[in-house]
Protein chains: 2
Amino acid sequence: MDSTVADTSAEGIAADLALAIHEHRLPPATKLSEDEVGEVYGVSRTVVRAALQRLSHERLVDLKRNRGAYVAQPGVREAREVFEARALLEPRTARSAAERITPADLALLQRHIDEEHNALAKGEPGRALYLSGRFHVEIARIADQDTIADFIGQLVARSSLVIAVYWQRRGALCESHAHHALLQAMAAHDGALAEELMKAHLLDLLTSLDLRNRVSPPGSLREALGT
Amino acid sequence: MDSTVADTSAEGIAADLALAIHEHRLPPATKLSEDEVGEVYGVSRTVVRAALQRLSHERLVDLKRNRGAYVAQPGVREAREVFEARALLEPRTARSAAERITPADLALLQRHIDEEHNALAKGEPGRALYLSGRFHVEIARIADQDTIADFIGQLVARSSLVIAVYWQRRGALCESHAHHALLQAMAAHDGALAEELMKAHLLDLLTSLDLRNRVSPPGSLREALGT
DNA sequence: GCATTCATCATCGTATACAATTTTGTTCTG
DNA sequence: CAGAACAAAATTGTATACGATGATGAATGC
């Protein structure tokens, strides 16, 4: 009855829930009852609370006092702000990354793109979305900026929530082209181009959203994580 | 024997500890024992743990498994990264703020600068440092970017730790000039100038650091918060 | 005399119990 | 039948108890 996840620490559970949210297995507004999560992972409410508090701080869950934890539902303002923050952080970071990228890094990014393709082919769009987000974080890591990478990681996860709520191009989440072009620019150590491509990529993402509050129905915790 | 703080929720305690850290009343490496903090605020370890976890996530305290919580001591790498992240976020945000600032906002910022002066005059450099940090956060709020304001708030607090460890210009923390110049540029709605001034200001801060690990001795919790 | 080992102690990690709050369902009244 | 008031249930907030882990210091062997 327990989850298949080995790490039942607060961080492990938080990471697993974050992944489920990121992959859209736990849609916005899903209630995360402490008892229920505790049963799923086989731990007491104490550690579940720690995990939920962590996710709340990352703005992935909304913690309502005396009323429980829910997967966050970013509003239009937050949706815009998240992408505006990314627009400040990522283009310049992509430039840095392009200037210092190594062959090993290039291979890693290529592998990321391939996995993303495979996930899409296997009909796992949530997984593909997650991998596509990791691509952005990986770039910050290549730029040797762990602090910025952390921020981007948070923003990418929140972007996934935004996409869950406001995405309009149903089915077609074809970021691969943009990522491939970025990879090319970085392989050529063309920092200026990488910066421009990243800027355009983020703008493209933002304009693909329909910010007139389209809401998807909340899901079930047990359904998403397996009984 | 309890603290004078009214709000004994986890968030309230976290905020109070964050303030103490920001104002250098709790220097880096100070041990924050769960029992001790609990006694100071008159709550059980449960709520203290929640507060410490929150601060840990903000990188203000270092949570060592089975060994306790300590006020963080940023290394040289983190010190550099924090200011590099600020350099990406703040100049453009200052430009936005300059373009949309209102007379009420200007008055608020002026009041901030005055309070900062007063604190310095009263021999409360920690308080002045905190207020100077709030000035930066306030700019992001004026730019109407709450998400970025959150990030800057975190970075400013971490900057305070960096300053506690690496500041070399002993005594002279004369940011007021830079802040005054920024205020002037914003009053004139000169976004380009505000952006440049902010960039220079951050660079100035960074170059004022001596990144050859100078460490101040850890302090006492009770001493800092009053028995 | 110094290093190593082991016992003791302090502190943290987790579970559980109970109190407080909210929600829900029922009943009564207009 | 609609609405309000109340009672019951469910859920979260907090405290406490106990087990686990790492630090400290004394005793032992070399």
Side-chain angles (χ1 to χ4, degrees), chain A residues 1-3 5-17 26 29-57 59-73 218-225, chain B residues 1-3 5-17 26 29-73 217-225:
Chain A
M1 212 61 76
D2 296 30
S3 162
V5 175
D7 182 2
T8 57
S9 68
E11 299 83 42
I13 292 173
D16 196 58
L17 287 173
L26 287 174
T30 305
K31 167 141 197 179
L32 302 175
S33 151
E34 295 181 355
D35 277 327
E36 201 173 357
V37 176
E39 282 175 33
V40 167
Y41 290 99
V43 295
S44 82
R45 283 176 48 219
T46 308
V47 47
V48 173
R49 283 180 69 80
L52 291 177
Q53 277 166 358
R54 186 191 186 103
L55 292 173
S56 159
H57 195 256
R59 310 269 190 169
L60 295 185
V61 315
D62 197 3
L63 222 49
K64 302 179 183 176
R65 187 179 177 88
N66 279 317
R67 300 197 345 187
Y70 299 81
V71 177
Q73 263 190 309
S220 145
L221 171 67
R222 291 183 180 279
E223 198 177 299
L225 300 177
Chain B
M1 212 62 77
D2 296 31
S3 163
V5 175
D7 182 2
T8 58
S9 69
E11 299 83 43
I13 292 174
D16 196 58
L17 287 174
L26 286 174
T30 305
K31 167 142 197 177
L32 302 175
S33 151
E34 294 181 355
D35 278 325
E36 201 174 358
V37 176
E39 282 175 34
V40 167
Y41 289 99
V43 295
S44 81
R45 284 176 48 217
T46 308
V47 47
V48 173
R49 282 179 71 79
L52 292 177
Q53 276 166 0
R54 186 191 185 104
L55 293 173
S56 158
H57 196 254
E58 287 173 18
R59 311 270 189 168
L60 295 185
V61 315
D62 197 4
L63 222 50
K64 302 180 183 175
R65 188 177 177 88
N66 280 317
R67 299 204 309 166
Y70 298 81
V71 176
Q73 262 190 307
S220 143
L221 172 67
R222 293 184 180 280
E223 199 176 297
L225 300 176

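So you know, we letter chains A, B, ... as the sequences are listed, proteins then strands, and number each from 1. Side-chain atoms are counted along with the backbone in the values below, which use heavy atoms only and exclude waters and symmetry mates. This one's a predicted model, so the numbers in the text were calculated from it and none came from an experiment.
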Step by step, would you call A/Thr8 with A/Val47 a side-chain contact (heavy atoms from CB on, under 4.5 Å)? CA-CA 9 Å; A/Thr8 57; A/Val47 47; over 6 Å; no
For a quick test of reading the model, state the closest non-hydrogen atom pair linking B/Ala10 to B/Ala50 and the distance between them. CB-CB, 3.7 Å
Is there a donor-acceptor contact under 3.5 Å linking the side chains of A/Asp35 and A/Ser33? no
Measuring from A/His57:NE2 to B/Leu55:CG, what's the distance to the nearest 0.5 Å? 8.5 Å
Can you name the side chain to side chain contact (heavy atoms under 4.5 Å, CB included) partners of A/Thr46, sequence neighbours left out? A/Ser44
Can you sort out the partners of B/Arg54 under side-chain hydrogen bond (donor to acceptor under 3.5 Å, both in side chains), two or more places apart, ordered by chain and number? none
Rounded interatomic separation in angstrom, taking CG from A/Leu52 and P from D/dT11: 14 Å
Quickly work out the A/Leu63 CG to D/dT11 P distance and round it to whole Å. 16 Å
Please give, in whole Å, the distance from D/dA15 P to B/Glu34 CD? 13 Å
Sequence neighbours excluded, the answer for salt bridge (charged side-chain N to carboxylate O under 4.0 Å, His left out) partners of B/Arg45 is B/Glu34
Can you check nucleotides 18-22 of chain D for protein contacts, nitrogen or oxygen pairs under 3.5 Å, and list what you find?
unit_1	atom_1	unit_2	atom_2	d
D/dT21	O3'	B/Asn66	ND2	3.3

Anything under 4.0 Å to a heavy atom of chain A counts; send over the first and last such nucleotide of DNA chain C, read 5' to 3'. C/dA15 to C/dT23
So, using side chain to side chain contact (heavy atoms under 4.5 Å, CB included) as the criterion, who are the partners of B/Ala72 when residues are at least two apart? B/Leu161
